[in-house]
Amino acid sequence: MSKKIIAILTIATLLFVCVFAACEKKNSDYTNLEDYDLVTDENGEKILAEDGQLLVYETDEKGKYVTDESGERVTQVRQFQPIEKDGVVEDYGFKLILPEGWKTTAEFGVFESKSKGLSCQISVVKYFYADYYNMNLDFYNRLKDEGINVTWEEDVDFGKEFKDVCRFMMETDEGIAVLYFFENSDNVYKVLFSGTDSDTIIADTEDFCKAMSFKSFAYYDDITSSSKEYSTTLRTTEEQ
């Protein structure tokens, strides 16, 4: 195998690999809401700050509420932490109603369905959409030129909240990886699946993605173009 294809496969592995988490959750990245005295509305639903962070009531060293001159409870802003409750996962920018058969793992953003033989990882990448699109399309073309079983689809329709959905699938003897990426509220979402069943994997992964909804809060406000950095890294790796 040439150094070039080894380099490409190495980078593809970094792009696609998503391993199953431990079967039993011993620790969790999810927030226990009981640890927070959240500000809620008349229906008991949490109220968020204007920037999407959590609002909690301030307490003193004795655990008593701090009040202002008018006797109103003083509130504080806390960084939003991932929440899992009653089959609903919520992060700063999105919510996910877990489809039947799917469960969270100890690591936030990593999910598994043993019955479907699938794992999934949701992340928000620190790229402009155009850069991330070009990077993945470049991967696709390079892998295709080397005879790797890959497919590329654009304009996959998940609804109006999902802007410019692309699906990039790679199949090898070891399994199948399906990558979806799209934009919402200036966030570029990467939803990566790995599994083995080629007959149902597209339908299963589409159903999972459609279970997502979004909030209008951006994770990053300091993104810079990454195309030049990416191209330099790829070229250096191929030359080794």
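Remember, predicted model here, so these are calculated numbers, not experimental data.
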How many angstroms lie between atom CG of D204 and atom SG of C209, to the nearest 0.5 angstrom? 11.0 Å

Rounded to the nearest 0.5 Å, how far does CG of N149 lie from OG1 of T172? 9.0 Å

Test D138 against Y140 for side chain to side chain contact (heavy atoms under 4.5 Å, CB included), laying out the working first. CA-CA 5 Å; D138 189 19; Y140 163 75; over 6 Å; no

Pair F162 + F214: ring centers closer than 6.0 Å: yes

Expected output: side-chain D41 to main-chain G44 donor-acceptor under 3.5 Å: yes

If we ignore hydrogens and angles and just use 3.5 Å, is the side chain of S194 paired with the main-chain N or O of A177 as donor and acceptor? no

If you compare all heavy atoms of D68 against all heavy atoms of V74, which two are closest, and at what distance to 0.1 Å? N-CG2, 3.7 Å

Can you measure from CZ (R78) to CD (E58) and round to the nearest 0.5 angstrom? 9.0 Å

Would V191 end up clustered with F158 when hydrophobic side chains under 4.5 Å apart are linked, directly or stepwise? yes

So do Q81 and E90 actually touch side chain to side chain, heavy atoms under 4.5 Å? no

Is a side-chain donor-acceptor pair under 3.5 Å present for E84 with T104? yes

Which heavy atom of V39 sits nearest a heavy atom of T75, and at what distance? CG2-CG2, 3.6 Å

Which of parallel (below 30°), tilted (30 to 60°) and perpendicular (above 60°) describes Y219 and Y189? perpendicular

Evaluate the side chain to side chain contact (heavy atoms under 4.5 Å, CB included) criterion for residues F168 and V150: first the C-alpha distance (whole Å), next the side-chain angles of each, then the deciding distance (0.1 Å), finally the verdict. CA-CA 7 Å; F168 179 8; V150 290; 4.1 Å; yes

Gap separating the CD1 atom of I97 from the NZ atom of K210, nearest 0.5 angstrom: 14.5 Å

S70 (side chain) donor-acceptor with E72 (main chain) under 3.5 angstrom: no

Would you kindly say whether N187 and Y220 are connected by a side-chain donor-acceptor distance under 3.5 Å? no

Donor-acceptor contact below 3.5 Å, side chain N136 vs main chain Y132: yes

In short, T196 meets I176 closest at the heavy-atom pair O-CD1, 3.8 Å

Any side-chain to backbone donor/acceptor pair from Q53 onto V77? Under 3.5 Å, distance only. no

When you measure from the side chain of K215 to the backbone of D91, do you find a donor-acceptor pair of N or O atoms at a distance under 3.5 Å? yes

Got a donor-acceptor contact below 3.5 angstrom from the Y92 side chain to the G52 backbone? no

Quick check against the 3.5 Å criterion: does D60 have a side-chain atom that pairs as donor or acceptor with the backbone of K62? yes

Please name the pair of heavy atoms, one in M212 and one in E161, separated by the smallest distance, quoted to 0.1 Å. O-OE1, 4.4 Å

For the aromatic rings, using the six-membered ring if either is Trp, is the centroid distance between W102 and F111 under 6.0 Å? no

Using the ring centroid of each side chain, check whether W152 and Y133 are separated by less than 6.0 Å. yes

Could you tell me whether K190 sits above the aromatic face of F182, with NZ or CZ closer than 6.0 angstrom to the six-membered ring centre and within 45 degrees of the axis? no

What's the separation between atom CD in Q76 and atom CG in L54, rounded to the nearest 0.5 Å? 12.0 Å

Value for SG (C166) from CD (E154), rounded to nearest 0.5 Å, stands at 4.5 Å

Sub-3.5 Å donor-acceptor pair from the side chain of D131 to the main-chain atoms of Y127, do we have one? no

Geometric cation-pi criterion, R167 with Y180: 6.0 Å, 45°: no

So does E45 get a backbone contact from the side chain of N43, meaning a donor-acceptor N/O pair under 3.5 Å? no

What's the shortest heavy-atom distance between D186 and A218, and which atoms? CB-CB, 4.3 Å

Nearest heavy-atom neighbours spanning V89 and F108: CG1-CE1, 3.9 Å

